Amino acid sequence: MTTTEFATLRRSIEQLRQSVSGVRSAFGDGPEVRRLMNDLERLEIDATELASAEPVRQPNNRVPEHVVVPDTPLDEAMFSDADDEGLGGYHGDRS
């Protein structure tokens, strides 16, 4: 993680802390608010651990394969025995 990325993450966590603090002031210390506080604490712990971790490199630094999906119409015969959603399993002439 670069210094800029880590600074952005820390700033975001601090903004979240302020937001959660506002929620706590408005809603009290209910279970939902305590879970948010716990999640925020976990996020801070993970961010701290991530700052000292080495990035995981992908083997051979491969770029994911680019898959082209054609926008030509599909063969209608592929769907000849399929039910149309929303029509309650209508079986009959589809024309």
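It should be emphasised that the depicted structure is a prediction, and the values quoted were computed from it without experimental measurement. Basis for what follows: all heavy atoms, side chains included, without hydrogens, waters or symmetry-related copies.
Annotation: side chain to side chain contact (heavy atoms under 4.5 Å, CB included) contacts of D75 (sequence neighbours excluded): A77, M78. The side chain to side chain contact (heavy atoms under 4.5 Å, CB included) test applied to T4 returns T2, T8, not counting sequence neighbours. Under the side chain to side chain contact (heavy atoms under 4.5 Å, CB included) criterion, P70 pairs with T72, sequence neighbours left out. Applying the salt bridge (Lys or Arg N to Asp or Glu O under 4.0 Å) criterion to D29, with sequence neighbours excluded, gives R24.
For the pair P31/R34, a side-chain contact is recorded, criterion being any heavy-atom separation below 4.5 Å from C-beta on.
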Scan the side chains in residues 40-50 for donor-acceptor partners under 3.5 Å anywhere in the protein, sequence neighbours excluded, and list what turns up.
from: R42; atom 1: NE; to: D46; atom 2: OD1; distance (Å): 3.2
from: R42; atom 1: NH2; to: D46; atom 2: OD1; distance (Å): 2.6
from: E44; atom 1: OE1; to: R17; atom 2: NH2; distance (Å): 2.6
from: E44; atom 1: OE2; to: R17; atom 2: NH2; distance (Å): 2.6
from: T48; atom 1: OG1; to: R10; atom 2: NH2; distance (Å): 2.7
from: T48; atom 1: OG1; to: E44; atom 2: O; distance (Å): 2.9

